[in-house]
Enquirer: 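One structure is given below, represented as structure tokens, and several questions about it will come after.
In each ligand, atom 1 is the first atom listed, and ligand 1 is the first ligand listed.
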Amino acid sequence: MAEKNSTISWRVFNMFLVLVVVILTTIIAYVYERVDGQRYRASLRGDLTQQASILRATMEGKLAQSAEIVKTVATLIDADPAVIDGRLSMIIDELLGDDSILRDIAIAPDLVVRHVYPLKGNETVLGLDYTKNREQFVAISQALAIGATVVAGPVKLVQGGEGFIIRTPVLSDNPDKQWWGIVSGVINTSTFYKLTGLANHSPQFDVALRGKDGTGANGAVFYGSDAVFRNDPVLTDVIFPNGSWQMAIAPKGGWPAHPPNFDHTRLIFILGALLTIFFVLTASRLAQKREQAENLLASAVDAVDAGLALFDENDYLVACNSTFQSYYGGKINLTNPRRRFIDILKDIANSKTIPEAIGREEEWVAERIHLHRQATSSTERLLGDGRWIRIEERRTPDGGTATVTVDITALKKAKEQAEQANRAKTEFLNTVTHELRTPLTVILGFTPLLANSHKLPSARKLQEALEKNPVDAQAIRRCADDLTEEISRYASSMDKAGRHLLSLINDILDLSKAESGLLALNPSACQRDRIVQEIVEQFQPTAEGKGLVLNFEPSGSTIMADRIRLNQILVNLVGNALKFTDYGEIRITTEDDSDFVKICVHDTGCGIPKESITDIFSVFTQADNSDTRRATGTGLGLAISRKLVELHGGRIWVESEPGKGSTFCFTMPKPGRA
Ligand code: ADP
């Protein structure tokens, strides 16, 4: 379910990414196209400005050159009007030469054309009275008014066609007439347009001229379309003597919004967006896979029973599971902000959760860091709550550290118990060896004496008595009695030692049977008081021998028990009481409840030290005090008794105060309960 939700949120995230890429690419493309368009138009305008400059310079050059020729002719006439009939024709021929664009020069004294050069083709002009030609007279009046050269046109030429006319007035010497006349130079418009490059400019732009008769921007359009002036054109003034035209150049069809390679740019942006989407989605998919892998790892790490923590090469904690955190009771901040190993350690030391660090925090941190820096390390640590943990550290290939923490409390306890059992076993073996050796030493000590009984002092005395007076029957009997008494004393000691040996071996056998589960009980309902009474009678002589009182208070209950084993338990408890009591009394009491019968043996003996009380029922254990040492024993009696009581379904315990005495109690089921 969580995985499905995660997939859905990744899908939404991917859609969001695609949307962001599309929006961003659109904005960038839009801005780029605008800027690129502006840049392109600026560059185009630069190109057109350059074109306009070239055209303007050419036109101005041609007009200036032509005006200069007309002015020269006017100056010559002004200097000497007779030149007209003289060498003027030759001079004009020379001036018009090959590179002039003037088609002819007309000389009009009193504003009537009387001479035209060359005459051929211009014959119709002769006799033209400017004062009667309305169209041309305006420009002539202007030239006369300002007394300088003007450029008129384009005008319809009398000789046909259309042309520009450059006119220069010639002053008069006659005080009655201000003007001698006027000199005009004619340029065919078609020739002008062709030679200045206007007619054959690039087809990619349009050119228009306005300012007929040199009236500049205010004049009428005479070349090209009026529309060019409305298309935000590059404007240039063509200046000539006493007038100007305005030239407009604009791209054909208007200013382009985009450069010609616009489609390529757009294609590149689309491809760029697609590529970006591809990379973004691939990166997103990788991130999704990484997140899934990390989640998987995190849940796997969390599922592990051991505490896991990973540190990077700079010793920052990268990840840890909840088990790891649990070892420090959740008291240590492990993750927020990113923590370093040393800072976590300091917090652990200061949290007082580690007994071995309390009071020596800095030293402990230093020791721990030293271990941590080793490639591999293994540390065991006792926690404040009594748990033991083992920390294994290993270097990872990328220079980080992996820490595995395992709870070894159970292992530690088992080890301690095993060590304790082993120690007890060793002690037992020492004791048993000693105990077995004592009676054996006694037996082996007496055996040679009995084997060589003739060497016994009483036997030698009997021998001597027989040799001295073989008929002194009385003396011989006395010696024989001594010998018998000596032999039976030795035999009795050997018997005692042998019995002790036997009881010791029986105890060991019983215990090993009980331990291995081979000891089978044979329970029956027994008269408890009778059994206890027999024990009292059995031990009465010993008690009296030690000057002790042995008491029993009967209560008449029955008990469900294996008679022999119940006897064995009582013998052990009463025997111990007698063994560890030097004065006072031993009292046996009984008590019943609904299911169990309780039997207690109280004594006024040496008591058991507190620290030994829990151990004395363990196998092979003896309370380590001087009285124990004084008294013989194997440390098996109570262990066997506990086993026997537990096999009956009861329990056994002791209450004791050193120097005052002990009370051993055990319970056994009543008949019908077992
Ligand atoms: P043992 O053969 O040494 O008596 P037990 O298992 O019967 O072995 O007793 C174990 C130890 O318990 C004794 O060595 C002794 O130290 C202690 N003990 C048992 N009974 C008494 C008692 N009544 N008074 C004092 N100490 C006792």
Enquirer: Out of all atoms in ligand 1, which are within 4.0 Å of some heavy atom of Ile616? Include the element for each.
Expert: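 The atoms of ligand 1 under 4.0 Å from a heavy atom of Ile616 are 12 (O).
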Enquirer: Could you tell me which atoms of ligand 1, counted from 1 in the order shown, lie closer than 4.0 angstrom to a heavy atom of Gly607?
Expert: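 Counting atoms of ligand 1 from 1, those under 4.0 Å from Gly607 are 25 (C).
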Enquirer: Compute whether any side-chain donor of one residue and acceptor of the other, for Gln474 and Arg477, lie under 3.5 angstrom apart.
Expert: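 Not at all, the side chains of Gln474 and Arg477 share no donor-acceptor pair under 3.5 Å.
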Enquirer: Looking just at side-chain N and O atoms, do Thr401 and Arg395 make a donor-acceptor pair shorter than 3.5 Å?
Expert: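 Looking only at side-chain atoms, Arg395 and Thr401 do form a donor-acceptor pair, the distance falling under 3.5 Å.
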Enquirer: Answer yes when Asp482 and Arg478 have at least one side-chain N-carboxylate O distance shorter than 4.0 Å, and no when they do not.
Expert: no
Enquirer: Taking only heavy atoms of Leu638, which atoms of ligand 1 are found under 4.0 Å from at least one of them?
Expert: 5 (P), 6 (O), 7 (O), 9 (O), 10 (C), 12 (O), 19 (C)
Enquirer: Hey, does Ile608 come in under 3.5 Å of ligand 1, counting only N/O atoms on both sides?
Expert: no
Enquirer: Heavy-atom contacts with Lys579 under 4.0 Å: which atoms of ligand 1 show up? List them by number with element.
Expert: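 Selected atoms, number and element: 1 (P), 2 (O), 4 (O).
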Enquirer: Closer than 4.0 angstrom, basic N to acidic O: yes or no for Glu393 and Arg368?
Expert: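 Here Glu393 pairs with Arg368 in a salt bridge, since their nearest N and O are under 4.0 Å apart.
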Enquirer: Output the list of atoms in ligand 1 that are nearer than 4.0 Å to some heavy atom of Leu636, sorted by atom number.
Expert: 6 (O), 8 (O)
Enquirer: Atoms of ligand 1 less than 4.0 Å from Phe664 heavy atoms?
Expert: 19 (C), 20 (N), 21 (C), 22 (C), 23 (N)
Enquirer: Relative to atom 19 (C) of ligand 1, which among Thr663, Asn576, Asn572 owns the nearest non-hydrogen atom?
Expert: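 Selected option, by shortest heavy-atom distance: Asn576.
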Enquirer: Determine which pairs satisfy salt bridge (charged side-chain N to carboxylate O under 4.0 Å, His left out) with at least one residue from residues 411-422, sequence neighbours left out, and list them in order.
Expert: Glu380-Lys412
Enquirer: Determine the interplanar angle of the His372 and Phe311 rings, folded into 0 to 90°, and report it as parallel if under 30°, tilted if 30 to 60°, perpendicular if over 60°.
Expert: perpendicular
Enquirer: As an exercise, identify every atom of ligand 1 less than 4.0 angstrom from a heavy atom of Cys606.
Expert: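 Checking each atom against Cys606, I get 25 (C).
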Enquirer: Under a 3.5 Å threshold, yes or no: a donor from one side chain and an acceptor from the other, between Thr604 and Glu585?
Expert: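 The criterion, which ignores hydrogens and geometry beyond distance, is not satisfied for Glu585 and Thr604.
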